[in-house]
Amino acid sequence: MKKLLLIITLFLFSFNTYSQIKTKGRLKVNVKKEAKALERDGWESTSTYPLQGQYQRVIDAEQEMNEDGDLVNLVGLGEFSSNSKSIAMQTSATLAKNDIGGQIESSIKSVTKIDQVNDIVAQSLEDALIVTTQLVSQKITSRPILQICKAERKGGRTVYSCRSQYKMNFDEASRMHVQLMRDELNRKKAEDARKEYESFFKEGLYEKVRDDIGDSDE
């Protein structure tokens, strides 16, 4: 049980590695200059919304902070090339969504080391984590904040490269991840195991741990 509580505590802490990141201030980005550089390289907007405006949305999403100075969003990036422009667009979008879920998964594994612990509890958490990460990515239904493509002639054929970026509010992503994790663990575990895991997910626990970690950083 002590090992379970340790893993759970570390698991909770991992969600807060994003919300507790402090920034020393907004980075100055010349959006117009960067957008022009992309256009010179052949990138074009896939919609009527101009490339510069899309690039500005990315910068705003990456640098948005709450009143406590914490970064607000997770921003995912995906890029893919194909002979088909539609396939390149669709796959780059999927990769960008997967990147958001993958950021959470990577952080959890880095902090908890659950992929390095050889016991039943750790394996159950890791298995559920992988499934949950995929589900979080699939539930991102918003429009991309950036989607651009360029066409290049290679070997006598046209190859389309597309780049997509999505954003997801960190708090929304973490709440979704916690709930889906509970659903996945409950679906696969016996009643006695579900009761143990439920102590991790009980109402208010995540918020209390987050507040405690926040206070300790001050």
Taking the side chain as every heavy atom from C-beta outward, state whether Thr46 and Met89 have any pair of such atoms under 4.5 Å apart. yes
Check whether any side-chain heavy atom of Arg157 lies under 4.5 Å from a side-chain heavy atom of Val159, and answer yes or no. yes
Looking at [Y], is its backbone amide N or carbonyl O close enough to the side chain of [X] to form a donor-acceptor pair, meaning the two atoms are under 3.5 Å apart?
X	Y	result
Ser137	Lys97	yes
Asp99	Leu77	yes
Gln165	Ala96	no
Arg57	Ile145	yes

Charged tip of Arg175 within 45° of Phe170 ring normal and under 6.0 Å: no
Identified side-chain hydrogen bond (donor to acceptor under 3.5 Å, both in side chains) counterpart of Ser161 within the set Ser81, Ser82, Ser92: Ser81
Any donor-acceptor pair under 3.5 Å linking the side-chain atoms of [Y] with those of [X]?
X	Y	value
Gln56	Asp60	yes
Ser84	Ser86	yes
Gln147	Ser164	yes
Thr158	Glu152	no

Distance-minimising heavy-atom pair for [X] and [Y]:
X	Y	result
Val75	Ala61	CG2-CB, 4.0 Å
Leu95	Gly78	CB-CA, 3.8 Å
Ala88	Phe80	CB-O, 3.7 Å

Check step by step if side-chain contact (heavy atoms from CB on, under 4.5 Å) holds for Met168 and Asn73. CA-CA 5 Å; Met168 190 173 191; Asn73 301 304; over 6 Å; no
Evaluate the criterion side-chain contact (heavy atoms from CB on, under 4.5 Å) for residue pair Tyr55 and Ile148; output intermediate values, then yes/no. CA-CA 10 Å; Tyr55 192 80; Ile148 56 178; over 6 Å; no
Do you reckon [X] sits in the same ILVMFWY cluster as [Y], going by side-chain contacts under 4.5 Å, direct or chained?
X	Y	result
Leu146	Trp43	yes
Val29	Leu51	yes
Ile100	Val131	yes

Are more than 12 heavy atoms, taken from residues, nucleotides or ligands other than Gln52, located less than 6.0 Å from that residue's CD atom? yes
Around atom CD of Glu44, are there more than 12 heavy atoms from other residues, nucleotides or ligands closer than 6.0 Å? no
CA sep, side-chain torsions, deciding dist, call: Met176, Lys139, side-chain contact (heavy atoms from CB on, under 4.5 Å): CA-CA 9 Å; Met176 181 184 296; Lys139 288 183 177 294; 3.9 Å; yes
Using the rule given for side-chain contact (heavy atoms from CB on, under 4.5 Å), can you reason through Cys162 versus Glu79, listing the C-alpha separation, both sets of side-chain angles and the distance that settles it, and then say yes or no? CA-CA 6 Å; Cys162 292; Glu79 190 167 324; over 6 Å; no
